[in-house]
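Working notes for the structure below.
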2 protein chains.
Amino acid sequence: MSDLLERLRGRGWRMTAQRRVVAEVLNGDHVHLTADEVHARAVVRLPEISRATVYNTLGELVSLGEVLEVATDKRAKRYDPNAHRPHHHLVCAQCGAIKDVHPDGNPLADLPDSERFGYTVSNVEVTYRGLCPNCAAA
Amino acid sequence: MSDLLERLRGRGWRMTAQRRVVAEVLNGDHVHLTADEVHARAVVRLPEISRATVYNTLGELVSLGEVLEVATDKRAKRYDPNAHRPHHHLVCAQCGAIKDVHPDGNPLADLPDSERFGYTVSNVEVTYRGLCPNCAAA
DNA sequence: ATCCTACAATAGACTTTGTCTAAGTCAATC
DNA sequence: GATTGACTTAGACAAAGTCTATTGTAGGAT
């Protein structure tokens, strides 16, 4: 059922009830949960799962490159299972709702040499902010 | 001596020793300190200043629009006094050194309507990551 | 110059987010 | 089905930040 689970099994990842539940909770599009939210949802399916396990599992998924860490708000890190297709984020300034977006162009090319300070630049993150339809209406 | 201090006085900001010290610590280019770093430097000049005051003062400077909050790493917020000229950030993935940069183009225009999900988009932050010359040499 | 008062600063408890450790449990293999 | 090393657990700990009740003070009024 889950792409993520299948990929993990294919990599020989040792499967446990806890890890399966975490992977299942993360499955889907435009999913950007904090560690505590993942834990809260995991507890519904597996009441004895501990916070430490959720943190460990999320950390491993990030190391494996199957999940991305996103820092869109300044509170908790969020975890994004959409690690296959590169994308950026659009965040509601009021309610925090997050969408994955795919802007045109290549921001990396827009940084002139004179603005690189000798850095070897390898990566760009773009975060758009605004109001979602719900919050704009209110 | 300080642009920031003068602007604040001009706005009728009530001046106290603590607020002056915080504003002085923040003055400069490519300054991106955490709240605790600001506190550490403020304590050198004014030993009895408290953490809460530093947080309060930073919060007010942000509300006044004189200082920006930056979330380049996922630990503590950083405070950037360069709030007048819009800019983005270039971060060393290893040591965390941060530079202010001014890319060409307008990333806002690069987000097509079909990727806006009905949001009213008002703002973009771009974070470049790579290795600074020091860390690349090591 | 002194007094007042509203605003600012303080200490420290509290919250949130995340990490670590030592001991117990279990998935995969033999 | 026994073994074993990786996984999980509870709870202590740490870092970053917020809140509150109390004390202090900048700056206007007198």
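All values below were derived from every heavy atom in this structure, side-chain atoms included, with hydrogens, water molecules and symmetry-related copies excluded. The chains referred to below are lettered A, B, ... by the order of the sequence lines, with proteins before strands, and numbering in each begins at 1. The structure displayed is predicted, hence computed values, not measured ones.
- One can place CZ of A/R19 at 8 Å from C1' of D/dA6, the figure rounded to the nearest angstrom.
- Between the side chains of B/D80 and B/H89, at least one donor N or O sits under 3.5 Å from an acceptor N or O.
- Heavy-atom contacts from other residues, nucleotides or ligands closer than 6.0 Å to CG of A/N123 number more than 12.
- Taken residue by residue, residues 37-53 of chain A places heavy atoms nearer than 4.0 Å to DNA chain D at A/E48, A/I49, A/S50, A/A52, A/T53.
- B/V21 and B/R45 get closest at one heavy-atom pair: CG1-CD, 4.0 Å.
- Salt-bridge check for A/R11 with A/E66: passed, with a basic side-chain N closer than 4.0 Å to an acidic carboxylate O.
- In this structure, B/Q18 does not reach the D/dT25 phosphate: none of its side-chain N or O atoms is under 4.0 Å from OP1 or OP2.
- The CG-C1' distance, from A/N56 to D/dT8, rounds to 8 Å in whole Å.
- Distance, B/Y55 OH to D/dT20 P: 17 Å, rounded to whole Å.
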Contacts under 3.5 Å, N or O only, protein and nucleotides 2-5 of chain D:
| from | atom 1 | to | atom 2 | distance (Å) |
| --- | --- | --- | --- | --- |
| D/dG5 | N2 | A/R14 | NH2 | 3.2 |

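- A/M15 has its CE atom 13 Å from the C1' atom of D/dC7, to the nearest Å.
- A salt bridge does not link B/E115 with A/K99: every distance from a Lys NZ or Arg NE/NH1/NH2 to an Asp or Glu carboxylate oxygen is 4.0 Å or more.
- No salt bridge links A/E37 with A/R41; every basic N to acidic carboxylate O contact stays at or beyond 4.0 Å.
- Atom CD of B/E69 is separated from atom C1' of D/dT18 by 13 Å (rounded to the nearest Å).
- No side-chain donor-acceptor contact under 3.5 Å links B/D100 and B/H88.
- A distance of 7.5 Å separates CZ in A/R51 from NE2 in A/H39, rounded to the nearest 0.5 Å.
- Protein chain A contacts DNA chain C over a range whose 5' and 3' limits, counting nucleotides with an atom under 4.0 angstrom from a non-hydrogen atom, are C/dT16 to C/dA28.
- Under 4.0 Å is where a charged nitrogen must lie from a carboxylate oxygen, and between B/E69 and B/R78 no such pair does.
- Looking only at distances, a side-chain donor or acceptor of A/S63 sits under 3.5 Å from a matching main-chain atom of A/G59.
- In this structure, CG of B/D36 is placed 12 Å from P of D/dT18, rounded to the nearest angstrom.
- Aromatic ring orientation, A/H30 versus B/F117: perpendicular (interplanar angle above 60°, classes split at 30° and 60°).
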